Amino acid sequence: MAKKWDITTVRNIGISAHIDSGKTTLSERILFYGGKIHAIHEVKGKDGVGATMDSMDLEREKGITIQSAATQVTWKDYTINLIDTPGHVDFTIEVERSLRVLDGAILVLCGVSGVQSQSITVDRQMKRYGVPRLAFVNKLDRQGANPFRVKDALVEKLRLNAVMFQIPIGLEDQHKGAVDLVQMKAFVNEGANGETVKEMEIPADLLEQAKEYRKIMIEKLADIDESIGEKFLMEQEPTLEEIKAATRKGVINLKLVPVFCGSAFKNKGVQLLLDAVLDYLPTPEEKKEHALDLDKGEEKFDLFPDNDKPLVALAFKLQDTQFGQLTYMRVYQGKMSKGDFITNTSSGKNVKVPRLVRMHSEKMEELDTTYSGDIVAVFGIDCASGDTFTDGKLNAAMQSMHVPDAVISLAIAPKEKAGANNFTKALQKFRKEDPTFRVHRDEESAETIISGMGELHLEIYVERMKREFNCEVVVGQPQVAYRETIGQPAPYDYTHKKQTGGSGQYAKVVGTIDPLPADSEETYMFENDVVGGRIPREFIPAVEEGFKEQCAKGPLIGFPIVGVKVTLTDGAYHDVDSSYMAFKICAMAAMREVYMKAKPTVLEPIMKLETTAPEEYQGPVTGQINQRRGVIMGTTTIEGNVTIEAEVPLTEMFGYSTDLRSATKGKGEFSMEFAKYSPAPRNVQDDLVKKYQQKRLDEQKK
C-alpha cells in the first residue's frame, strides 16, 4: 500500500550555481543519501561512469541541460523533487521555465571564489520569479576557502539578507563538519561516503565563535518575527520551534537567506542541508501561483494545489528518449491519471495520457495517478515546451505566450545530400523544445533560415545538429532582422486597368498613407473612409488585403514594413470589369508607387548590452562599445569589476565576444537581449539599399 499523497511533505527544489561551483557533485550526493543511487560517481571520475545527473558533452561547455529534468528522492519520509536549472542564461525561455516550476532553490557558492558573475545572473532570475532560497557554501576543503567572506559577498553583491546558520569545524584540509547554530550542536560526517552523521558537543575552541554567530542569527530573526523580537529584548532564549518557524517565515517571504557550510566532494554537510530544505523551503501550497483565464481576456486567477479542483499542468521540458518524446510536467492544480483525456490549451487538442512515469535519472517508475504539487513525466504526448494542459473544464494558460521576436538569422544547409533527412528532424525537434528558435524557408533564395535570440543561441543549435544528429551543416552569413517604415504622410491615387480579350480588370483607389506614432502597439492599420458606394462594400477587404500583403516585403530592402496607417478615401469601379482580385492588385501597386514618396526608412534592432570586466579594462571596453555605435546608459563598479550597460545596434555586434576576450585577457563577459527598433543612420541605410538592388539585379539575370 503506497502512502497517501500529502502535499506538506513535498518539496520542489532546484540547485543553481555559477559553473563549476559543485552543483552536479552536490546533486550526486543528494541522490546517494536519498537512496536513489548506490555508488557515488564523480563528474570527472576515474571509473569512467560520470555523474548521474550529467549529460551530453555540450553540458560541460554550456550547461545547456542535464539529462534528467526532475528526479525524486525521499529524505526522512519527505519527497524532494530535484529539478535541474540550467546553468547558463542565453536569455532563452528554457531557463526561465525551469525556474518557474521551482518552489525553492539552493544557491551553491564556491568557498574560495564566492559570488561569481553567473551567481549574479542566477540570483537575478530567482528574484524575478520570487524563488525562496538557501545558500550552501561548498568546497570548504579547498585552499583559501572562507565561508564568512562568501556570506559578506552575498550581502554586498546580491543584496541578500544572508545569515550564517552554521559555522565550519576546520577549513581546507582540516575541514571536518559544521556547528549548527540553531541546535548549538556540532555535526561530523563519518564512514567511507560520509553516510553517518555524528552529533557531538561543540569543540571548546569554537564555542565563543558559535555563541557570537548565534547571537547575530537571533538578532536577524528578531527583525522578521515579533515573538523572537520580544524574547531578544528580554534577553530570553527562543525555543527551537520558534527559531525554525521564524526562519521558515523569513525564507518564504524572501526576507532571509540562511547560509550552510560543507564540501560535497568530501561528503560533508549534505545531510544537514537536506534537513534545512525540509525545515525552511516552502511546500507547493506555500508558493503562490496563478494562471491566466483565456476566456476572460487573460485575467489572472490563483491556483490551489487541491486534487479536487480542475486540472492545470505545465509542460516545462521536452526530451527525446528511445521510447519517444518525454514531456516533464508540473501539476499545479487537480490530478491527472493514466488514461485521462487532457486538453492542450495552446493548440486546443484533446489527448489521452498513455503513460505516466517518474524519472530517477535514467530509470523510470510507472505511475497510475499524479497529484497537485507533483512533477512527473508523460510519454506519447505531442506538445511544445511551455504548453499548459487542463482537463477541459478551464481554458487557462500558465503564462502569457509572449515569445520575443527573433533578432538574428542564419542560412543553413546540410553539407551532404545524405544528411537532409536528419537535418529536417533536428530542426523540428529544436523548434518544439525552444519557442525562441524559429525556422523558415526563403522562397527567393530557396535557403533554409534559422532565427534566434543571438549569435551564441544559434551556434549551440548548429553544434547540437552535428553531435546529436550526426549532421554537418554549412552556415551562411548572419542576417539581421531589419524592418522598414515611412517618415512622412503621402497621398496615393492609382488606377489598375487591363484590357485583353474577354472581361478586363478595372479598379481605382485614392487615399493616404501615414506613419503611426512611435509608441503604437500596432504595426499596420487600415481605415475605410469611402462614402456613397464609390467602391462596393465587398471589395473593401480586397483593398485592405492588398496593402497588407505588400507590407510583408518592403521595396526598399525587402524587409517587412511596420508602423503604417493606410486610409482609403475614394475610388471607382466598373460594373463588369471590377473584381476582388482587381482591387487587391490595384492596392498592391498603389502601395509600391506611394511608398517611395513617403520618405521610407530602415529600422535596425537595438540590443541591450551588459558587459562586465575588471576595472583596469574599463577604457578599452568602453572604446569598443563606442566603435560599434553603442550608446552607454550607465556604469556600475562592484568589488573591482565594472559593469557597463549600453544600447548597441545588433549589426555591429558580430564577433564582439572575440574582441572582448582579447581586450580583457579573457576576463570580460557580456549578455545581450533585444531592446527596440530604431532608425538606421543614413549611410547604413544607403548601403543596405544598394546591396538589395544588386541582389534583385543578380536574380533577374538568372
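As the structure is a prediction and not an experimental result, all values here were calculated from the model. The figures that follow rest on heavy atoms only: side chains count, while hydrogens, waters and symmetry mates do not.
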Ion pair check, [X] and [Y], cut-off under 4.0 Å:
X	Y	answer
D686	K690	no
K565	E527	yes
K548	E544	no
R628	D659	yes

Separation between [atom1] of [X] and [atom2] of [Y], rounded to the nearest 0.5 Å:
X	Y	atom1	atom2	result
E610	I644	CD	CD1	10.5 Å
E484	L688	CD	CG	9.5 Å
E652	E604	CD	CD	7.5 Å
Y595	C551	OH	SG	8.0 Å
I585	H496	CD1	NE2	4.5 Å
I540	N528	CD1	CG	4.0 Å

Whether F430 and F437 hold their rings parallel, tilted or perpendicular, with breakpoints at 30° and 60°: perpendicular

Parallel, tilted or perpendicular: rings of F547 and F526 (30°, 60°):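 Judged by the thresholds at 30° and 60°, the geometry between F526 and F547 is tilted.
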
State whether the side chain of [X] and the backbone N or O of [Y] hold a donor-acceptor pair below 3.5 Å, judged by distance alone.
X	Y	value
N422	F469	yes
T345	A396	yes
T512	A490	no
T569	D529	no
D577	G504	yes
Q488	A598	no

Pair T622-I632, side-chain contact (heavy atoms from CB on, under 4.5 Å): steps then yes or no: CA-CA 8 Å; T622 312; I632 291 173; 3.2 Å; yes

Show the nearest heavy-atom pair for residues [X] and [Y], with the distance to one decimal.
X	Y	value
F539	S579	CE2-C, 3.6 Å
K393	P310	CB-CB, 4.1 Å
Y492	T567	OH-O, 2.8 Å
Q685	P600	NE2-O, 3.2 Å
F559	A481	CE2-CA, 4.2 Å
Q505	A582	CB-CB, 4.2 Å

Within the structure provided, determine whether [X] and [Y] are in side-chain contact (heavy-atom separation under 4.5 Å).
X	Y	answer
Y656	L609	yes
Y482	V602	yes
T635	Q618	yes
V621	L660	yes
K508	C586	no
I412	M465	yes
V101	L314	yes
V351	N344	no

Chi angles and distances behind the side-chain contact (heavy atoms from CB on, under 4.5 Å) call for V439, I449: CA-CA 6 Å; V439 184; I449 311 287; over 6 Å; no

Counting only heavy atoms not in [X], do more than 12 sit closer than 6.0 Å to its [atom1] atom?
X	atom1	answer
K608	NZ	no
Y524	OH	yes
K127	NZ	yes

Chi angles and distances behind the side-chain contact (heavy atoms from CB on, under 4.5 Å) call for R438, R431: CA-CA 6 Å; R438 298 174 172 82; R431 243 164 104 172; 5.9 Å; no

Salt bridge (Lys or Arg N to Asp or Glu O under 4.0 Å) contacts in which one or both residues fall within residues 584-602, not counting sequence neighbours: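 Passing the test, one end in residues 584-602: E545-K584, E549-K584.
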
Salt bridge (Lys or Arg N to Asp or Glu O under 4.0 Å) partners of residues 530-539, not counting sequence neighbours, each pair once: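 Every salt bridge (Lys or Arg N to Asp or Glu O under 4.0 Å) pair that includes a residue of residues 530-539, provided the two are not neighbours, is R534-D570.
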
Side chain to side chain contact (heavy atoms under 4.5 Å, CB included) partner of I486, chosen from I513, L556, L516: I513

Stepwise side-chain contact (heavy atoms from CB on, under 4.5 Å) check, F583 with V509: CA-CA 8 Å; F583 271 99; V509 291; 4.2 Å; yes

